[in-house]
Amino acid sequence: MSVRVRYAPSPTGFLHIGGLRTALYNYLFARHHGGQFILRVEDTDRTRLVDGAVEDFINMLEWAGIQIDEGPNKGGNFGPYYQSQRLEIYKKHAEQLLREGKVYRCFCTSERLDQMRKFQEKSKLPPKYDRQCLRLSPEEIHKNLEEKVPYVLRMKLPDDTIVRFKDLIRDDVEFNTSNIDDQVLMKSDGFPTYHLANVVDDHLMEITHVIRGEEWLSSTPKHVLLYQFFGWKIPEFAHLPLLLNSDRSKMSKRQGDTEARAYPPKGYLPDALVNFISLLGWNPGDDREIFSMDELIKEFSIERIHKAGAVFNLEKLNWMNTMYIRKMPNDQIFDILKDDLEKAGYSKFPKEYILKCLGLMKERINFIHELVTFSVYFFKDPETFDPEGVKKRWAPPAKEYLTQLAIRLEKTKNFDHTEIETIFRFYAEEIQIKASELIHPTRLAVSGMTLGPGVFDLLEVLGKDVVLRRMKHAVENFDKIVAGLA
RNA sequence: GGCCCCAUCGUCUAAGGGUUAGGACAUCGCCCUUUCACGGCGGUAAUAGGGGUUCAAAUCCCCUUGGGGUCACCA
């Protein structure tokens, strides 16, 4: 039987980084085994729906390179993939359980439930439904139904029974039903709760492996019991370790960016983010750390997922992002930055020129958009000059150096790296100074900055005309700039 | 609080009875060097505590401690 897994988020918010990892692990597992990855939207809570959430799930999964085989955007043989469109199915199954006495109607008001909980809390009792409605006589039930008193359907749990199940990550886990509440399965608005909808759908969609966050571990016995109520085969469970804030609490909005969609605009590459989160709770068993999606698919195994939660460490993600930027071909970077370059007004420059600039700059930036913001001087003459740099690099002889260099550079034929370097070295030797005393003032003159690519590369890429123009401008305004007037 | 899960450098982790407890990020130092980076070399840094089992324990068992999750007509 082929593997079928699902990622089943609730559209009550945008895709969470933790959700992205859950989806990724499901996807890797599916692909590793040649199975299917399904996206199912669990929109049974009508009060917390967030506009655009489903689009965000789909967009971000696609951005990350996770391909959905079946889902709201794809269709499939097991749809619909919105739970809100499957109400009849849940109703039918709930009625079956009601007929079989596995669930019962509960007419209790939320006020009574709240009161009861408060009392239990105060008296340090476990907060549990007291089963008042389980003791209702048939006449009372009939009367309530006649009077259209709203009701929910609750699971009737067996008394004092051990529910055991095997978790692929945690091995055997067991719970006693005496610690579990009679879970509501159908709400009074006719919508199922998560527990019912989830089990019914996983069964009908022939899900073989339920891979989800650890926060579901304690409700799994309810699900196991439900499978048993229906007489269905129980899928394999794998509860993933949680993603943590730096204080080791469950990753939440309080700290850092928890929404996946925050990452692309910050300049994170999808491959880097995917690679990074793949390693949060899993590793291949050796020292390798850089993996493409295909390699992850090849290497991934549930056996190597470990149990403890993992802190989302932004610094390591940043490092990984840097690695991926360095590795990425220039024209691919160009494609990603197209809009940014356009917006900055740089797209009027020839593509080959931009590609060269990207090539020089990508070695020294951490986020892809920095390529645009830090590359201004490739596209515009500097209007300001770093004051610290001016102070340090533009001592009086620099003016003469720049003048002389400009004269010599003007005579070049190719204006390439080697030719430029020769001129610098030769002139430095001639006047008995270190080449760096020429290099630093020149960098400042042509870029306005004290850092960036190697100067000879920089000059070559900028081209003779631009370099000479900027150097002359620097010489002409040298005294003003040094005096802090320009 | 009840129930459940978990526990190796600051962080991500390797080592599933015998290792000087390994790697990566971060950090520190040195080298390279025209700046910033990259890179190279090296350093600091961990088995939560206590009991067992064993010739031998990070590793198996128990207890303690600590952390987390969950206890809704939310998922």
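Lettering of chains follows the sequences in order, A, B, ..., and the numbering in each one begins at 1. What you see below is based on every heavy atom in this structure, not just the backbone, and it leaves out hydrogens, waters and symmetry mates.
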Open item on the list: Of the options C5(B), C12(B), G23(B), whose atoms approach the side-chain atoms of V173(A) most closely?
Closed with: C5(B)
Task: Among A24(B), U13(B), U35(B), the one nearest H440(A) by side-chain distance - done: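 My answer, after comparing the listed nucleotides, is U35(B).
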Open item on the list: Is there a side-chain contact between N313(A) and the phosphate of C12(B), meaning an N or O under 4.0 Å from OP1 or OP2?
Closed with: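 It does not, given that no N or O in the side chain of N313(A) lies less than 4.0 Å from OP1 or OP2 of C12(B).
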Open item on the list: C6(B), OP1 or OP2 - any side-chain N/O from K307(A) closer than 4.0 Å?
Closed with: yes
Task: Residue of the set F29(A), F291(A), Y25(A) for which ring-ring contact (aromatic ring centres under 6.0 Å, His included) holds with F300(A) - done: Y25(A)
Looking across every strand, which nucleic acid part, if any, lies under 4.0 Å from [X] by heavy atom: base, sugar-phosphate, or nothing?
X       : result
G213(A) : nothing
A308(A) : sugar-phosphate
H239(A) : nothing
P453(A) : base
E174(A) : sugar-phosphate

TODO: Searching all strands shown, indicate the nucleotide that pairs with C25(B) (Watson-Crick or G-U wobble; both distances under 3.5 Å).
DONE: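 When the pairing criteria are applied, G10(B) turns out to be the nucleotide that pairs with C25(B).
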Open item on the list: Tell me if a side-chain donor or acceptor on E295(A) pairs with a main-chain N or O of S292(A) at a distance below 3.5 Å.
Closed with: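 Between the backbone of S292(A) and the side chain of E295(A) there is a qualifying donor-acceptor contact (under 3.5 Å).
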Open item on the list: Would the distance check show the side chain of R393(A) and the main-chain N or O of P441(A) forming a donor-acceptor pair, the cut-off being under 3.5 Å?
Closed with: no
Open item on the list: Over 60° means perpendicular and under 30° means parallel, so tell me whether H195(A) and H223(A) are parallel, tilted or perpendicular.
Closed with: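 It falls in the tilted class, 30° to 60°.
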- [ ] Kindly assign one of parallel, tilted or perpendicular to the pair F237(A) and Y227(A), based on the angle between their ring planes and the thresholds 30° and 60°.
- [x]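 Perpendicular: the ring planes of F237(A) and Y227(A) meet at over 60°.
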Task: Any donor-acceptor N/O pair under 3.5 Å between C5(B) base and R170(A) side chain - done: no
Pairs under 3.5 Å (N/O, protein and nucleotides 16-21 of chain B):
none

- [ ] Mark up nucleotides 65-75 of chain B, 5' to 3', with B wherever a protein heavy atom is under 4.0 angstrom from a base atom, S wherever such an atom reaches only the sugar-phosphate, and - elsewhere.
- [x] ---SSSSSBBB
